[in-house]
J.: 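Mind looking over this structure? Questions follow.
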Amino acid sequence: MGNPYAPKPPGSTPHRPVATGSPQDGQDGGLPPQHLAPQPLPGQPVTPAPGDHGQPGPGGAPGGWDGRGAPRAPRPPVDPEKARLATRGVMIFGLYMLASLLLSSVALPWRMLSVAVGVAALVVGVRALRTVWRAGLRGALVVVLSAGMLMTVVLGLSTLAVIPVWGIETDRQTCLDQAITITAQTSCQTTYETAIDDYRSSLTD
């Protein structure tokens, strides 16, 4: 048996250690060990993987199934005829609303027509909203219709607020119709503001 610590002769191949062990030591032919899923113990219930039948997937409920495990009914396609009727109703409501807005800026007593047109716009808006909902065209269109109906109500109330000061408003209109210079128009506006202040003071007395 040679001395392992003796110097090697020139030209000899250095000794390399040979790896010992067996595939059971965590290696299988040089491949990394496989990490297997833990097996359930005897008597332990098996939990199905996410996304299986009746189990919620990554997005909550699995595709095609609701949270209770029942099949989810697909949304019916939009009927082109109903969509056309819904679009037509929205356009008619927009025209009524525009007419009410324009009439609210005319002189009395024609300004009161804005209230009547506003009521008609609300009726058309409610019908259009029902048609849009039944046609399945939900989302931004429903929000736009609701906002338009709310603006129509506010516009009608602001127009009706002129009735208690009807005489003051008509006097202002007559004064402005007869005013030629800027000074006369300013005087009409000052008289109108004074009359409004007196009316408010009479309400608090």
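As the structure is a computational prediction, the values presented were derived from the model and not from experiment. No hydrogens, no waters, no symmetry mates; every other heavy atom, side chains included, goes into these values.
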J.: Determine all donor-acceptor pairs shorter than 3.5 Å in which one atom belongs to a side chain in residues 149-168; sequence neighbours excluded.
T.:
from: T152; atom 1: OG1; to: G148; atom 2: O; distance (Å): 2.8
from: S158; atom 1: OG; to: V154; atom 2: O; distance (Å): 3.3
from: S158; atom 1: OG; to: L155; atom 2: O; distance (Å): 2.7
from: T159; atom 1: OG1; to: L155; atom 2: O; distance (Å): 2.9

J.: How long is the span from the CD atom in Q185 to the CD atom in Q178, to the nearest 0.5 Å?
T.: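 Q185 CD to Q178 CD: 12.5 Å, rounded to 0.5 Å.
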J.: To the nearest 0.5 Å, what is the distance between CD1 on I196 and OG on S201?
T.: 11.0 Å
J.: Could you measure the distance from the CG atom of D197 to the OH atom of Y192? Nearest 0.5 Å is fine.
T.: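 Here the interatomic distance stands at 10.0 Å.
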J.: Look at the side chain of Q173 and the backbone N and O of L108, then say whether any donor-acceptor pair between them is shorter than 3.5 Å.
T.: yes
J.: Once side-chain contact (heavy atoms from CB on, under 4.5 Å) is applied, do any residues pair with E193, and if so which ones, sequence neighbours excluded?
T.: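 Residues passing side-chain contact (heavy atoms from CB on, under 4.5 Å) with E193: Q189.
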J.: Can you give the donor-acceptor pairs under 3.5 Å from side chains of residues 86-93 to other protein atoms, not counting sequence neighbours?
T.:
from: T87; atom 1: OG1; to: A83; atom 2: O; distance (Å): 2.9

J.: Quick one: list whatever passes side-chain contact (heavy atoms from CB on, under 4.5 Å) with T181, sequence neighbours left out.
T.: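 Result, side-chain contact (heavy atoms from CB on, under 4.5 Å) vs T181: T183, A184.
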J.: Got a sec: does the CG of L203 have more than 12 other heavy atoms crowding it under 6.0 Å?
T.: yes
J.: Enumerate donor-acceptor pairs with a distance under 3.5 Å from any side-chain N or O in residues 114-133 to protein atoms, sequence neighbours excluded.
T.:
from: S114; atom 1: OG; to: S100; atom 2: O; distance (Å): 2.8
from: S114; atom 1: OG; to: S100; atom 2: OG; distance (Å): 3.2
from: T131; atom 1: OG1; to: R127; atom 2: O; distance (Å): 2.9

J.: Return the set of residues passing side-chain contact (heavy atoms from CB on, under 4.5 Å) with T186 (not counting sequence neighbours), or none when no residue passes.
T.: I182, T190
J.: Check for me, please, whether M112 and W110 land in the same ILVMFWY cluster - side-chain distances under 4.5 Å, paths through other members count.
T.: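 Per the 4.5 Å side-chain linkage, M112 and W110 are not co-clustered.
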